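See structure below.
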Amino acid sequence: MVEQVLLNGEIAVATLHKPSVLDDLTAKYPHTQLLVYPLDVANEAQIKSAFTQAKDAFGCVDVVYNNAGQGGYQELEGIPMHRDRALMGVKFWGAVTVSFEAVRFFREVDPKSAGGYSSKYRAQQ
């Protein structure tokens with residue numbers, strides 16, 4: 001998804017658990033088009049910080065795309081409860097927390113945001 005956004009000439013702020021995964025893109029695109037930050041979606045403070053960093057760098061956030069997840073190869077009943085809770089922290093609560101912060105950000109911090117439309121669309125209005 002990030003690469004497609006960049007190929008379309010748009011700006012992207014990519015957050016991921018292991019930022020080194022995008023080293024090829026950070027070498028290819030300037031910081032004025034791509035910023036990459038570490039993010040653990042189970043950490044609410046990091047989520048809030050990511051939105052703040054995006055606003056500081058580019059002035060707004062137009063779209064939030066959350067694709068965080070973890071996988072396991074085991075029968076459900078065989079997963080230890082501590083591991084199951086960690087998976088739910090990422091797969092469910094991580095998505096919920098990112099969504100809650102996005103809504104708060106769009107309403108309170110960036111109320112002039114087009115709410116999911118690209119900045120090109122907003123500039124045309």
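Being a predicted model, the structure only gives us computed values, none of them experimental.
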Any [X] side-chain heavy atom under 4.5 Å of [Y] side chain:
X	Y	answer
Phe105	Val61	yes
Leu16	Tyr37	no
Val64	Phe106	yes

Calculate, to the nearest 0.5 Å, the distance between atoms [atom1] and [atom2] belonging to [X] and [Y] respectively.
X	Y	atom1	atom2	answer
Thr26	His31	OG1	NE2	7.5 Å
Lys28	Gln33	NZ	CD	10.0 Å
Phe100	Glu44	CZ	CD	10.0 Å

Quick one: closest heavy-atom pair of Phe58 and Thr32, and the distance? CE2-O, 3.3 Å

I need the minimum non-hydrogen distance between Ala95 and Asn66, along with the two atoms involved. CA-ND2, 3.3 Å

Any donor-acceptor pair under 3.5 Å from Asp40 side chain to Ala42 backbone: yes

Thr97/Val41 under side-chain contact (heavy atoms from CB on, under 4.5 Å): CA gap, chis, key distance, verdict: CA-CA 8 Å; Thr97 307; Val41 296; over 6 Å; no

Using the side-chain contact (heavy atoms from CB on, under 4.5 Å) definition, which of the options Val13, Val2, Ile11, Val5 pairs with Leu34? Val2

Verify the neighbour count for atom CZ of Arg104: are there more than 12 heavy atoms of other residues, nucleotides or ligands below 6.0 Å?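 Correct, the count exceeds 12.
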
